[in-house]
J.: 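Before anything else, here's the structure in question.
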Amino acid sequence: MENPANLRTAEKITNDLLPQKFGKAGTIWTIILIIFCAIGAFAYIRQLRYGLAVTALGDYVSWGIYISNFVFFVAISLVGSLITAIFRVTNVKWSTPLTRIAEIIAVSAIVFASLIIIVDMGRPERLVNLFFYGRLQSPIMWDVVVITTYLFISLLLLYFPLLPDLKVLIDNNKNNPKWLNRVYKFLGSFWKGTPGQYRISNKAINVLCILIIPVAFAIHTVTSWLFATTYRPGWDSTNFGAYFVSGAFLVGAGAVVVAMYVMRRAYRLEKYITPRHFDNMGKILVMLALLYLYFNINEYLVPAFKMKKPEEQHLTTLFAGEFAPLFWFAITVGMVIPTLILIFKKGRRPLPMFIAAIMVVVGAWFKRYLIVTPTLLHPFLPMSNVKESYKHYFPSWEEWAIAMGSLAGVLLIITFFTRIFPIIPIQETITEQDEKHESE
Amino acid sequence: MEEQSKSRREFLATGLLATLAAGCSSADNPFTPEDNVVPSGTKVKLLSVDGDVIEVDQAFLKPVPDLPPVSNSEARRGIEGKKFVMVIDLSRCKNLKKCQEACNHCHHIHPGDNWIKVHSMQDAEHTAPYWQPTTCMHCDEPPCVKVCPVDATFKRQDGIVLIDSDRCVGCRFCMAACPYSTRVFNWGKPDIPEEIAEQQYSCETSVPQQKGTVGKCDFCPDMARKGLLPHCVTACPNGVFMFGDMNEDSVSNGAETFRFSELIRDKAGYRLMEDLGTKPRVYYLPPVSRNFPYEAGLENES
Ligand code: SF4
């Protein structure tokens, strides 16, 4: 069945997509990320030594940017399920080159979500207590359960589709360092690509894709419940699960677009990640931004209409007070302006898309901060007999360093992954190409 | 004043007797007369178990020996047959903060932290301001206990909500969950005397506070075991706090003892944020016919 024309394509595709050594820019980028991580690690060592006292947290704002960063990571990780699973189940074909990007974003974000939660703990060395004394009625335990499940399903969803590519990597191992080949062999030497193996693998991927959808909804719904199960103004909402999940898909899709753009440039993947992909992702982003905007309107306008006493103070600081600049920034830059850019066909070209997606991601980060912190500054009883510093919150340098370090950590995992593995599925691309040729 | 201090002594004696009675089964029964006791001549009035006032020579009273510390599982179970309750009379408070001082001192709280807070309250624009001390509400539906992932904060059969600082992982979910903002976190290593910090933590004394764990008002169950009142209750010179047992239907501020149900009925007692359904064990008496004007408390407001 294989004709010479096809063979050439396969060879070319393989050559195009095989992981490449870091260039100069890649090396600098990696070093910068490592520096950020190191500063974060140093700050964390200080925190271990002196306790959470190194943060700007207090008895009122007891959750700060660690927690908002956690919510942000969980949110971003949802995109793995959107692009891999939902698209696969609904038979969307064009997303093939994006699946691995989405999945590695999901895995690295969820890893750092778990790490940042440990960073937030007053007694991280007592983590084992969750297993010794865990009580299932606590939403934290639900989160531990669903996040672990999600991490494992995501890892498998990253790994199974990687198997055929590992074979390609092992077959093209001439220029690799020894250890790398050993890694490839360890991970994938059992894969021979027989029809039987494909059948099993495809079945497994299908099952996982269906499984991961409810788990993905669960991780972010449960994360929203960490807030919604309390009485506090701004959190006490039945809308929170859907609100969080829609926001998560938005920021995740934004992150994928950013990654698409950067990798396309860095690895010259113009033939594989085409303007059509950007165009499609742009439309999805518009839909998700509008959906999230819709939930925001529900979340803020309905309580604002009633202005119940505990809500009133909270909403006023958001709309017109201390947090107003950030609030309107998150709404306009995170949702409205990207929508306005992306509804036009011209706006859905790679560069404007990239800019819009950056806006979405940055807006989303601040949005998470706005969900966590202002509420805590508006307790039911007045803030009496406490240190003056408890009445405000601005993260300390250690908090910034750790938060930025964790963001850098996510990027670092993605960067190393693209160095070691093909970021666009090679075998799948070849197969699709062949199918296209055959149908022609 | 004379009347008051007398009745206060009487109450304490009741407590003492009750504890002594509780110790009856032990080998050195405190009621067994010791041969070598010489009556001192000073008589002390006591309230007997059937409610009669009796006079006993001081020499026959022995100090309560320090009870052995209770085990963790005992501390988690609570004192059998009790339902502790507190009544806070807002008409008597003038923001003296003696309660806070005593509490901070006896629990060795990190300087600057307070488990008891006295809020300056004004419910609406034209209503009168008043002082409102808050302790932990020891809710019967405690939101903090519901959310704790490791059972470090728990509800006992006697109604008290306590914290096991040896188990707390410091996630602070309970702080977010508590609508009364009662909980205080030890962000750093608490600044307390070395010999205190070295002690074994007890859920009933909440001492010593530990870095990275949460703390709060504990209703002083260690005092209750000795038949004594919580530190805040005895420290308040104005008798704002009344503590007692719902099963016995009595509460006392040390000077006066009331029937709990009557007090709540006659003075229209209420609980904070009833609408949240947390069912607090702390009741408030409204700030009517006050002993002090609101302004009297201002001088103590830093
Ligand atoms: S801070 Fe401690 S007591 Fe509070 S919920 Fe977390 S583990 Fe439980």
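Chain naming here is simple, since letters A, B, ... match the order of the sequence lines and numbering starts at 1 in each.
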J.: How far does CG of A:Leu226 sit from CZ of B:Phe173, to the nearest 0.5 angstrom?
T.: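 Interatomic distance, A:Leu226 CG to B:Phe173 CZ, rounded to 0.5 Å: 5.0 Å.
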
J.: With a 4.5 angstrom heavy-atom cut-off, which part of A:Thr229 approaches chain B: side chain, backbone, both or neither?
T.: side chain

J.: Shortest non-hydrogen contact from B:Gln100 to A:Asn385?
T.: NE2-OD1, 2.9 Å

J.: Looking at B:Val184, is its backbone amide N or carbonyl O close enough to the side chain of A:Asp59 to form a donor-acceptor pair, meaning the two atoms are under 3.5 Å apart?
T.: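 Looks like no, no N/O pair under 3.5 Å.
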
J.: Less than 4.5 Å to any heavy atom of chain B: does that hold for the side chain of A:Tyr60, its backbone, both, or neither?
T.: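 The side chain, not the backbone.
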
J.: Tell me, side chain or backbone of A:Tyr390 under 4.5 Å from chain B's heavy atoms, or both, or neither?
T.: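 Contact with chain B: side chain only.
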
J.: Could you go step by step and tell me if A:Leu57 and B:Phe185 meet the side-chain contact (heavy atoms from CB on, under 4.5 Å) rule?
T.: CA-CA 10 Å; A:Leu57 296 168; B:Phe185 199 72; over 6 Å; no

J.: If we only count heavy atoms from C-beta on, is the B:Met175 to A:Leu376 side-chain gap below 4.5 Å?
T.: no

J.: Relative to chain B, which segment of A:Leu136 carries a heavy atom at a distance below 4.5 Å: side chain, backbone, both, or neither?
T.: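 The answer is neither part of A:Leu136.
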
J.: Answer yes or no: does atom CZ of A:Phe319 have more than 12 heavy-atom neighbours from other residues, nucleotides or ligands under 6.0 Å?
T.: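 Result for CZ/A:Phe319: enclosed.
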
J.: Among B:Val147, B:Asn186, B:Asp151, single out the residue with the greatest number of heavy-atom pairs under 4.5 Å to chain A.
T.: B:Asp151

J.: Under a 4.5 Å cutoff for heavy-atom pairs, which residue among A:Met141, A:Arg232, A:Lys387 has the most contacts with chain B?
T.: A:Arg232

J.: Can you tell me which portion of B:Val214 sits under 4.5 Å from chain A's heavy atoms? Options are side chain, backbone, both or neither.
T.: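 Contact with chain A is absent: no heavy atom of B:Val214 under 4.5 Å.
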
J.: Below 4.5 Å from any heavy atom of chain A, which atoms of B:Thr182 appear? Answer side chain, backbone, both or neither.
T.: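 Nothing of B:Thr182, per the 4.5 Å heavy-atom cut-off to chain A.
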
J.: Looking only at heavy atoms and a cut-off of under 4.5 Å, which of A:Pro379, A:Gly51, A:Pro382, A:Pro139 has the most pairs with chain B?
T.: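 Maximum pair count with chain B is reached by A:Pro382.
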
J.: Between A:Gly134, A:Gly58, A:Pro310, which residue shows the highest count of heavy-atom pairs closer than 4.5 Å to chain B?
T.: A:Gly58

J.: Measure A:Trp235 against the heavy atoms of chain B and call it side chain, backbone, both or neither at under 4.5 Å.
T.: side chain

J.: Return the option, out of B:Val118, B:Thr278, B:Thr134, with the maximum number of heavy-atom pairs under 4.5 Å with chain A.
T.: B:Val118

J.: Who among B:Lys189, B:Arg167, B:Lys211, B:Lys146 has the most heavy-atom pairs with chain A under 4.5 Å?
T.: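 Maximum pair count with chain A is reached by B:Arg167.
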
J.: Against chain A, work out which of B:Gly112, B:Pro149, B:Ala152 has the most heavy-atom pairs shorter than 4.5 Å and name it.
T.: B:Pro149

J.: Applying a heavy-atom distance below 4.5 Å, give me the residues of residues 119-129 of chain A that approach chain B, sorted by number.
T.: A:Asp120, A:Met121, A:Gly122, A:Arg123, A:Arg126, A:Asn129

J.: Step through the shown structure and confirm whether more than 12 heavy atoms of other residues, nucleotides or ligands are within 6.0 Å of NZ on A:Lys391.
T.: yes

J.: Tell me whether A:Phe152 at atom CZ has more than 12 heavy atoms from other residues, nucleotides or ligands lying less than 6.0 Å away.
T.: no

J.: So what's closer than 4.5 Å to chain B heavy atoms on A:Arg135: side chain, backbone, both or neither?
T.: both

J.: Looking at B:Leu272, B:Val169, B:Asn114, which one has more heavy-atom pairs under 4.5 Å with chain A than the rest?
T.: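 Winner by heavy-atom pair count: B:Val169.
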
J.: Does any part of the side chain of B:Cys178, heavy atoms only, come nearer than 4.5 Å to the side chain of A:Phe380, both counted from C-beta?
T.: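 A side-chain contact under 4.5 Å is absent here.
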
J.: Applying the side-chain hydrogen bond (donor to acceptor under 3.5 Å, both in side chains) criterion to A:Ser384, which one of B:Gln132, B:Glu301, B:His119 satisfies it?
T.: B:His119

J.: Among the options B:Cys171, B:Pro143, B:Gly188, B:Ala176, pick out the one with the most heavy-atom pairs lying under 4.5 Å from chain A.
T.: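 Option with the top pair count is B:Ala176.
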
